[in-house]
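First up is the structure itself, then whatever we jot down about it.
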Amino acid sequence: MRFGVIRFPGSCDDVDALLACRRVGEAELLWHADRDLRGVDAVVVPGGFSYGDYLRAGAIARFAPVMAQVAEFARAGGIVLGICNGFQVLCEAGLLPGALLPNTSLRFVFRQVALEVASTDSPFTCGCEIGRRLSIPVKHTTGRFYAPADQLRALHAEDRILLRYAPGHNPNGSLDDIAGVCNEGRNVFGLMPHPEHAVDPLTGSVDGLAIFESIRAHVAGRALV
Amino acid sequence: MTGATARHRELGLTDGEYELILSLLGREPSATELAMLSLMWSEHCAYKHSRKVLRRLPTDGPAVLMGPGENAGVVDVGGGLAVAFKVESHNHPSAVEPFQGAATGVGGILRDVFAVGARPIAVLDSLRFGEPAGSRRSRYLLERAVAGIGHYGNSIGVPTVGGEIYFEPSYEQNCLVNAMCLGLAPHERLIRSAAAGPGNVLVLLGALTGRDGIGGASVLASAELGEGDEEKRPSVQIGDPFAEKKLMECCLELLERELLTSLQDLGAAGLTSSSSEMAAKGGVGLEIVADRVPVREPGMEPFEVMVSESQERMLCVVEPERLEEVLAICERWETLATPIGQVTDSGRLRVLWRGEVVADLAASVLVDECPLYDLEPAEPGAGIVLYGPGPALLDGGQSAAETLLTLLGSPNLASRLPVFEQYDPVVQSRTVRRPDQADAAVLALPTGEAIAVAIDGNGRRVACDPRRGAAEAVLECAANLACVGATPLGLTNCLNFGNPEKPHVAWQLTEAVDGLAQACDALGVPVVGGNVSLYNEAPSGPILPTPVVGMVGRLADPSRAGRLAFSAAGDAIALVGAFEPVSGGSELAKLRGEPPAGPLPELDFESARAAHERVRALVAAGAVRSAHDIAEGGVAVALAECCVAGGVGASVTLPAGLDPFGEAPGRAFIVSGPAEALAGLDVIGRVGGEALSIADLLEVAVSELRSARDRGLARFL
């Protein structure tokens, strides 16, 4: 399978995401100003500061030419993974519910946190077991997940919370320890932690690979159908 | 005196310097020329009080590809790859406006590194503030400087992998913010700043030029701080990491496509210093049409355009036939690119403004003709107290356990996690050892090998004995590299001192440089670049003399990079290296309220070097599970740090007569590993249990050690 990783001018973790994707498949960078996804099987919107994010994080990126294609791809059922800034961008673009607010500490926080898999019913977690713990770093200033009460109820009711911070590991004050949620169609997933920074025993943990391997397995299974 | 000659004093030139300018030019300088000369002849740009003494530092080594004089030093790391690195100060801007001062300090050092063609891969910071307990100002400077460093480094996608922070009363008014950056490049991608090829086009890249930072770094950094510094706040530049991110990617792509003849960053003194240095190094001239420079606001004067320190700008030389391609790449990266002039064969820097010549100077007058001053060092006489005693937290009546907990909880030794958590250490996917995991950061290379980097300095010890204290900084840095298994390749330094025109400061500076030179010679580590920051004085006196040393080393197998944590119960613990730690100049002496004075232990470079080599070999062979150098707080604190990092206790018996809290940094180590692997070493105990137990001295639960260490700095942030 082939991943496409969006590169905005202020993306920071684009190459990291590219390297992580290449551990399970092929991957290439997609330029923000191009209106072309080049036929990839899955899109990754990576971490960083898309257009500087001096305004609200992701507020400008949603208007990027490439994002129109991402929205269309998502509506057609394409697999879209938003990591950190990518999560913020997908929320701003209305592809995911809720919003990311400034951390309760009002500070940037880097921390290796423990996550728990809360749902395996998705292309992103299908290779995991419920309750499996993943050690993955977070690094952000604006990562406190928030959704209005009715939306939050729907997320719970529809099993759309895929990852939670393990007890005592919530780094930012996210509601209900939510670390990552998917859309109604379950094909768009955003998370604040960085699975692409947990794919190599040399640099830390390999637990983030579970996300990328799940995507590969899902796409491979779909191809068989 | 005429108005013009009085003006030179306002701009910081002495009467003698102005006389020299008159004789070099054979006429009075124009207003634009005077502004340019005053900055190029400032301490910050001309190193006029330090250049002679710096010549004592060794700069040659087998791995050196570029030494002092380029934007950054460069060493070979094998496999056709090179690492560029440099440390630079941004002290005075940070003392005036800590967030932007620290942020632009990071921005500036990043530009120095990509100016030689290397992709920045890591940042480290060395910070000094006044005592946080008694000073709201110090807590404010700490919090805002850390936030500024994080803002810039995190946003641009370069990991902050290490650093150090110390608090001493003498930094109360004059904090220190030194930033170090490392970059990685294939050898063939390295580029120099010398302009070449008359007829080639001079292209200004990046941000608009504004009135911000007119004379900022160069004026702020070349005189003492004093009352009314609030008014200087507008001369601190404002950082824009997004602009720099685009500028960096743009420059790296231009270099990858081999489209540039030379490249230079714009730092202090802006367009003036970058263009005159490019011309002087290349032995060519440059003609700049200053009114082509895109400006941020209308009505700017030509001198303002020439000296503005607006951030996020670079200057490059391009062959005319490549200009179109260069401009297209810049457009793709949304980076402004403006041809503002050309290379000439005149050797002169000529500045045009609306068709008229407003400056026409030999580039060498700006770069090379500034008079260099001899220092007049004098050792302070007996009875002269430069740095007074501090408040006493300990009076000697405490138990050893209480002393250890107080040391671990002191702001200088406590956990740095509350600061390091504000930095991204992992972006770019190279970081094998993060802060708190090992004594040095380790970064994997595409060759399968790795580099290690550490930054060290201890002003308190340099104040006790400038020569030995400075040499100890080099030893400690090399010891940190040894703990991860790395062999030193090169060193960069930032010399932070007070006013060099005062004899005792001149003495501190010359002694410290001699100490650095001795240690570098003894360890075979060349100095590949650095920076000097003088006039770090407030009305209350000079800062502690603070040479900061950043060292880069190489290790073959990153999977064996050392860790500091005790990990396996039952492992033997050994002491490596001969040392005779003493109380003078130690952290404990500080907590007892003693002034920084008294003799430091003698330097035995051969013995230290042998200890480094032994530890390096043990780590590189995978024979030990932990290695940690014994520095501030002595062997007791080093043991406690190993226990806390591993969450496991240890029982040891120290050699008779060894002062558990005495210091002699850079000479000895604590290692742990299977007993068979440590055979032949001086085994002092075993890992295990839930407490650190030192026979006949103390026993403290690891949880108690951890909580003291965790609270020490966190309570001020």
Side-chain angles (χ1 to χ4, degrees), chain A residues 7-20 22-23 29 31-34 46-55 57 60-61 83-85 103 105-113 136-142 171-172 193-205 208, chain B residues 119 121 143 146-161 239-250 331-335 417-437 442-446 448 450 557-561 717:
Chain A
R7 168 176 272 185
F8 297 106
S11 293
C12 295
D13 303 284
D14 46 350
V15 174
D16 309 77
L18 190 75
L19 296 174
R22 283 186 180 153
R23 287 177 182 266
L29 291 170
W31 186 244
H32 68 109
D34 292 344
F49 295 78
S50 44
Y51 291 93
D53 287 349
Y54 296 132
L55 194 58
I60 296 178
I83 303 169
C84 194
N85 188 230
N103 302 344
S105 68
L106 300 181
R107 282 188 180 150
F108 183 93
V109 60
F110 167 84
R111 200 175 291 165
Q112 191 83 21
V113 296
I136 292 179
V138 293
K139 48 189 188 92
H140 56 252
T141 309
T142 311
N172 51 32
H194 285 263
E196 82 281 19
H197 285 295
V199 297
D200 185 350
L202 197 57
T203 52
S205 104
Chain B
R119 171 174 289 278
I121 60 167
E143 172 163 347
V146 167
I149 289 165
H151 167 67
Y152 214 103
N154 298 340
S155 304
I156 201 169
V158 178
T160 298
V161 299
D240 179 352
F242 181 52
E244 180 132 317
K245 168 78 174 163
K246 293 186 290 187
L247 179 64
M248 175 177 80
E249 297 295 347
C250 180
E331 192 174 341
R332 182 176 138 87
W333 281 107
E334 300 171 5
T335 292
L417 195 66
V419 167
F420 281 122
E421 272 204 340
Q422 298 185 50
Y423 306 143
D424 176 353
V426 299
V427 66
Q428 298 192 19
S429 299
R430 286 191 188 87
T431 313
V432 176
R433 292 290 176 269
R434 305 170 190 174
D436 272 4
Q437 291 182 333
V442 178
L443 300 160
L445 295 175
D557 183 355
S559 72
R560 286 183 172 171
L717 271 166

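Residue numbers start from 1 in every chain, and the chains themselves are labelled A, B, ... in the order their sequence lines are given, proteins ahead of strands.
With a 4.5 angstrom heavy-atom cutoff, Q422(B) touches chain A via backbone and side-chain atoms both. Looking at L443(B), there are no atoms closer than 4.5 Å to chain A (heavy atoms on both sides), in backbone or side chain. In this structure, no portion of V15(A) lies under 4.5 Å from any heavy atom of chain B. Interface residue S155(B): backbone and side-chain heavy atoms are both found under 4.5 Å from chain A. Neither the backbone nor the side chain of E244(B) comes within contact range of chain A, judged by heavy atoms closer than 4.5 Å. For a residue to count as touching a neighbouring chain, one of its non-hydrogen atoms must lie under 4.5 Å from one of that chain's; by this rule R332(B) touches chain A with backbone and side chain alike.
Top candidate by heavy-atom pairs under 4.5 Å with chain A, chosen from G150(B), C250(B), P558(B), is P558(B). When each of G204(A), G52(A), P171(A) is checked for heavy-atom pairs under 4.5 Å with chain B, G52(A) comes out on top. Interface remark: of the candidates V432(B), L417(B), N154(B), N154(B) forms the most heavy-atom pairs closer than 4.5 Å to chain A. Chosen from A450(B), A147(B), P241(B), the residue pairing most often with chain A at heavy-atom distances under 4.5 Å is P241(B).
Under the side chain to side chain donor-acceptor pair (under 3.5 Å) criterion, E196(A) pairs with H194(A), not counting sequence neighbours. Shown here are the salt bridge (Lys or Arg N to Asp or Glu O under 4.0 Å) partners of K139(A), two or more places apart in sequence or in another chain: D13(A), D424(B).
Between the side chain of K245(B) and the backbone N or O of S11(A), at least one donor-acceptor pair lies under 3.5 Å.
F242(B) places a side-chain heavy atom less than 4.5 Å from the side chain of Y51(A). The closest side-chain heavy-atom distance from S559(B) to L202(A) is below 4.5 Å.
Here the CD-CZ distance, from E249(B) to R7(A), works out to 5.5 Å after rounding to the nearest 0.5 Å. Once rounded to the nearest 0.5 Å, the distance linking CD of Q428(B) with CG of L19(A) reads 10.5 Å.
Using the six-membered ring where Trp is involved, Y54(A) and H151(B) have ring planes that are tilted, between 30° and 60° apart.
The two atoms that bring V426(B) and D16(A) nearest to each other are O-OD2, 4.3 Å, heavy atoms only.
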